[in-house]
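Okay, structure first, notes after.
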Amino acid sequence: LSASLLVIVPFVVTEIPRERARWRQAAAEEFLVEDKFELAMREANRAVELDPDSPTFRLLQARIFAEQSTSKTGEPKSLDLQQAFQCLAEAEQRAEPEQRAKVYEWRADLLQKNQRWEEAVLDWKKLGALSDSERPFPPEQYLNGSAYARALANVELDIALADVNEALD
């Protein structure tokens, strides 16, 4: 019995908070769909408190800040964007390689939406440095995103053209 408890107790102690964090994530996602940003952030913050090492919940916080930053007015609010980028940086620090791909993709997308093309190119380059198995999407998506950012930044146009051609092949 004591040997079983030695195995079960540590598992329960770590998994119960993680599961509760996932419940909070689900609640935050529901609030986000309804544009209830304050409630969504409250649930996301609780998820981070329950599982502070998980990059997933930092990504959720970043998404809430990013969506809130352009809600209603359509004009970006710099404070929310700054907080979104901070959450993405924290997620990147905690992420495994396959999770980093999501961080880079989200940050590149957010940078592009805010016309910060040169910075977006840097994240697309980080995505390109990952192996195909670490990227959770087809190479054509990376190549297209990378070419788009380069073209709008007006940098490395030869590489952008090569990426487009490779994506089409």
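Since we're looking at a predicted model, the values are computed, not measured. These numbers come from the heavy atoms of this one structure, side chains and all, not from hydrogens, waters or symmetry mates. Numbers for residues simply follow the sequence, beginning at 1.
Ion pairing of Glu49 with Arg20 is absent here, as no side-chain N (NZ or NE/NH1/NH2) approaches a carboxylate O to less than 4.0 Å. Using a cutoff of 4.0 Å between basic side-chain nitrogens and carboxylate oxygens, Arg63 and Glu29 are scored as salt-bridged. Lys125 has a carboxylate O that lies under 4.0 Å from a charged side-chain N of Glu156, or vice versa, which qualifies the two as a salt bridge. Salt-bridge formation is detected for the pair Asp163/Arg150: a Lys NZ or Arg NE/NH1/NH2 atom is positioned less than 4.0 Å from an Asp or Glu carboxylate oxygen. The existence of a salt bridge linking Arg46 and Glu43 is confirmed by a sub-4.0 Å separation between a basic side-chain nitrogen and an acidic carboxylate oxygen.
The line from CG of Leu168 to CD of Glu140 is 9.5 Å long, rounded to the nearest 0.5 Å. Distance CG/Leu122 to CG/Leu127: 11.5 Å, rounded to 0.5 Å. Considering CG of Asp51 and CZ of Arg24, their distance stands at 13.5 Å, rounded to 0.5 Å. Note: Met41 CE to Leu32 CG = 9.0 Å, rounded to the nearest 0.5 Å. For the atom pair CZ (Phe57) and CZ (Arg18), the distance works out to 9.5 Å, reported to the nearest 0.5 Å. Here Glu90 contributes atom CD and Asp53 contributes atom CG; the two are 12.0 Å apart, rounded to the nearest 0.5 Å.
Note on Ile159: it does not cluster hydrophobically with Leu152, by side-chain heavy-atom contacts below 4.5 Å among ILVMFWY residues. With hydrophobic clusters built from ILVMFWY side chains whose heavy atoms lie under 4.5 angstrom apart, Trp106 does not share a cluster with Tyr148. Taken together through direct or relayed side-chain contacts under 4.5 Å among Ile, Leu, Val, Met, Phe, Trp and Tyr, Leu59 and Leu111 form part of one hydrophobic cluster.
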* To do: Report the C-alpha separation of Asp123 and Lys126 in whole Å, then their side-chain angles, then the decisive distance to 0.1 Å, and conclude whether the side chain to side chain contact (heavy atoms under 4.5 Å, CB included) test is met.
  => CA-CA 5 Å; Asp123 275 319; Lys126 290 178 184 177; 3.6 Å; yes
* Kindly indicate, with the supporting measurements, whether the criterion side chain to side chain contact (heavy atoms under 4.5 Å, CB included) is fulfilled by Phe31 and Ile64. => CA-CA 10 Å; Phe31 286 130; Ile64 294 166; over 6 Å; no
* **side chain to side chain contact (heavy atoms under 4.5 Å, CB included) assessment of Val48 paired with Arg58** => CA-CA 7 Å; Val48 168; Arg58 308 282 178 173; 3.5 Å; yes
* **CA sep, side-chain torsions, deciding dist, call: Tyr104, Tyr142, side chain to side chain contact (heavy atoms under 4.5 Å, CB included)** => CA-CA 11 Å; Tyr104 299 149; Tyr142 154 73; over 6 Å; no
* Kindly determine whether Lys102 and Glu96 satisfy salt bridge (Lys or Arg N to Asp or Glu O under 4.0 Å), including the steps that lead there. => CA-CA 10 Å; Lys102 188 174 245 180; Glu96 298 296 323; over 6 Å; no
* Dump the intermediate steps for side chain to side chain donor-acceptor pair (under 3.5 Å) on Gln99 and Glu92, then the final yes or no. => CA-CA 8 Å; Gln99 295 168 316; Glu92 182 180 8; over 6 Å; no
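The minimum heavy-atom distance linking Ala160 with Ala151 is given by the pair CB-N, 4.5 Å. Between Ala28 and Ala44, the shortest heavy-atom contact is CB-N, 3.9 Å. Ala120 approaches Ala108 most closely through the heavy-atom pair CB-O, 3.8 Å. Nearest heavy atom pair, residue Ala149 against residue Trp117, reads O-CB, 4.0 Å. Closest of all the heavy-atom pairs between Ala147 and Val164 is CB-CG2, 3.5 Å. Among all heavy-atom pairs drawn from Cys87 and Gln61, the shortest one is SG-CB, 3.5 Å.
A donor-acceptor pair is defined here as one N or O able to donate and one able to accept, closer than 3.5 Å; such a pair exists between the side chain of Asn114 and the backbone of Leu110. Judged purely by atom type and a 3.5 angstrom limit, Arg94 uses its side chain to pair as donor or acceptor with the backbone of Pro52.
Within 6.0 Å of CD in Glu38 there are 12 or fewer heavy atoms belonging to other residues, nucleotides or ligands.
Gln112 has its side chain within reach of Trp124: a pair of non-hydrogen atoms, C-beta onward, lies under 4.5 Å apart.
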